[in-house]
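Some notes on the structure that comes next.
These numbers were taken from a predicted model, which means no experiment stands behind them.
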Number of protein chains: 2
Amino acid sequence: MRQRATAVERLRAELLSELLDGTYPSGVKLPNEDELAERSGVSRATVREAVGGLVEAGYLTRRHGSGTFVTGTLPRRHALDTSVSYLSMIKEAGMTPGLVVLDQGEREASAEQADRLRVSVGEPLLRMERIRTADGRPVVYSVDLLPLRCLAGDPAQLDASLYNVLEQSGHVVRGASARLVPVVAEQRLADLLEVEAGTPLLHIDQVDFDGDGHPVMLSAEWHVADAFELHINRRAAPRATQAGDEHA
Amino acid sequence: MRQRATAVERLRAELLSELLDGTYPSGVKLPNEDELAERSGVSRATVREAVGGLVEAGYLTRRHGSGTFVTGTLPRRHALDTSVSYLSMIKEAGMTPGLVVLDQGEREASAEQADRLRVSVGEPLLRMERIRTADGRPVVYSVDLLPLRCLAGDPAQLDASLYNVLEQSGHVVRGASARLVPVVAEQRLADLLEVEAGTPLLHIDQVDFDGDGHPVMLSAEWHVADAFELHINRRAAPRATQAGDEHA
DNA sequence: GAGTGGTCTAGACCACCGT
DNA sequence: CGGTGGTCTAGACCACTCC
């Protein structure tokens, strides 16, 4: 199940560790790409790929002709496009995360759930209904569903993030497709999240995928709007060939 | 001002055109990477980079050992992480886009606006207040602010997308940082968007950046929730080196 | 085993930045 | 001008899929 990490992944993880432990503080210039390559015993192309991932994630900034620099301000830690674990998002926002399990049990997959998880109808699923808190205040109510056979070990031992549990079972979550829907809290949600009925909430309906692109978890979440800021970083889409590109 | 397109960009645009014009219909397998390379007169690395962008954008799917395939169904979705122009998003969703200009004028940058746009307080800004429609129905109300000096030509000639206008002025929008806030429509917004007061809306507060990373536009938008689906594709963040990666 | 994408190398030249 | 990132090449070997 475990696969040897690539040179790119190893170098990227090493660089990130050095960024986090202060070896390269904010604003400083990294060694140039040739030197990083030589130092790590890899080619420059490998360095560029490793560094590129950290640039995309916001840790580093490249300046053509000048160098590669550690990003001054902290990257958007709670950016919806990159982060996947709310536990770490809350922690990195400087708040104390908490978790209240409202319900934990086994369900059979409905037709729709089976379709989205690409399993058979009736497949046994673990269902977790929880509330996340930040500094004691409810911020997210969520219902997660995942196939029991994706889990190794004792399902009762589910203290940590479901992402960690999945990872220990050989399913590293590599990405997700999420649908965003603004809603207003009806009475039950309002009570759970300790807000007034009618308060605007952000509903996120999400499918998580592992490294092979297989769906491994369904998450339905309701976020309190002002608990902490939800950000996304957007990139321009690729563009087709068009006329008029060649004239002066 | 015009910069020669790279081989990667040219090939990517050419492939995208062929995807859109039906040369490669849904589900079919693309020629393999060696053949694409030879056919286009570039190296395989260049092909991989061009194709990789289209995979990220969701047009293509790679299957290790099998080939690269045209993504099956193009879902009607509003992918907030990749697209930046709503005009084209609405078009690509198969609906007819419309635009109603409520107000267009010049304002001086406030302290907060100047800070976010990195210009001086009082800098003249173009302000556009508009409503986008899809098949005649209001879907987005927006207020855009951008420095007048970012614009070339006649400011009265603003029929097209602001992104196009910026591009023709030498500021290609390459990305954006957006804050998402679920809200409920107060009376004025409800009237403008033809919904009832209290209807949940998604508010997006955004800064657009050009290729150099300089902010070029502020956008405040309010989206009708059920007009079409708002999606984001999430990717796992890079991870630092950790213990326990080497055991069997 | 043949075909394909996944990773990596060593080296080249270009474009941009600052002095 | 030297240093840096940006682009690209030609080729190699590996890992996976399917026949």
- Can B/E106 and B/R127 be counted as an ion pair, charged N to O under 4.0 angstrom? no

- Message: Between B/S17 and B/A13 (side chain of the first, backbone of the second, donor and acceptor by atom type, cut-off under 3.5 Å), is there such a pair?
- Response: yes

- Item | Euclidean distance, atom CG of residue A/D34 to atom P of D/dG2 [Å, nearest integer] | 16 Å

- Query: Residues from residues 46-54 of chain B sitting under 4.0 Å of DNA chain C, heavy atoms only?
  - Reply: B/R48

- Message: Among C/dG5, D/dT4, D/dG5, which nucleotide has an atom closest to any side-chain atom of A/E33?
- Response: D/dG5

- Note on the structure: The side chain to side chain contact (heavy atoms under 4.5 Å, CB included) partner of A/L54 among A/L30, A/T71, A/L15 is A/L15

- Item | Salt bridge present between A/E123 and A/R149 (N-O < 4.0 angstrom) | yes

- Task: Could you state the atom-to-atom distance from CG of A/L36 to P of C/dC8 in whole Å?
- Result: 16 Å

- Query: Roughly how far, to the nearest 0.5 Å, is CG of A/D208 from CE of A/M217?
  - Reply: 4.5 Å

- How close or far is atom P of D/dC8 from atom CZ of B/R12, stated in whole angstroms? 10 Å

- Item | D/dT17 phosphate, OP1 or OP2, under 4.0 Å from B/S66 side-chain N/O | no

- Item | From D/dG5, C/dC8, C/dG5, nucleotide with atom closest to A/N32 side chain | D/dG5

- Nearest-Å distance, CD (B/E35) to P (C/dG5)? 10 Å

- Message: Return whichever of A/A45 or A/R63 has its heavy-atom-nearest nucleotide of DNA chain D closer to the 5' end.
- Response: A/R63

- Query: Between the side-chain atoms of B/R44 and the base atoms of C/dG6, is any donor-acceptor pair under 3.5 Å?
  - Reply: yes

- When rounded to whole Å, the CZ to P distance for the pair A/F69 and D/dG3 reads 16 Å

- Task: Determine, for B/F69 and B/R62, whether the Lys NZ or Arg CZ falls below 6.0 Å from the six-membered ring centre while staying within 45 degrees of the axis.
- Result: no

- Message: Salt bridge check, B/E112 against B/R116: does any charged N sit closer than 4.0 Å to a carboxylate O?
- Response: yes

- Measure from the ring centre of B/H64 to the centre of the six-membered ring in the base of D/dA15, then say whether that distance is under 5.5 Å and the planes meet at under 30°. yes

- If only side-chain N and O atoms of A/T68 are considered, is one of them under 4.0 Å from the OP1 or OP2 phosphate oxygen of D/dG5? yes

- Query: Roughly, in whole Å, what's the span from CG in A/L11 to C1' in C/dC8?
  - Reply: 13 Å

- A/T6 has its side chain closest, among C/dT7, D/dC8, C/dG6, to C/dT7

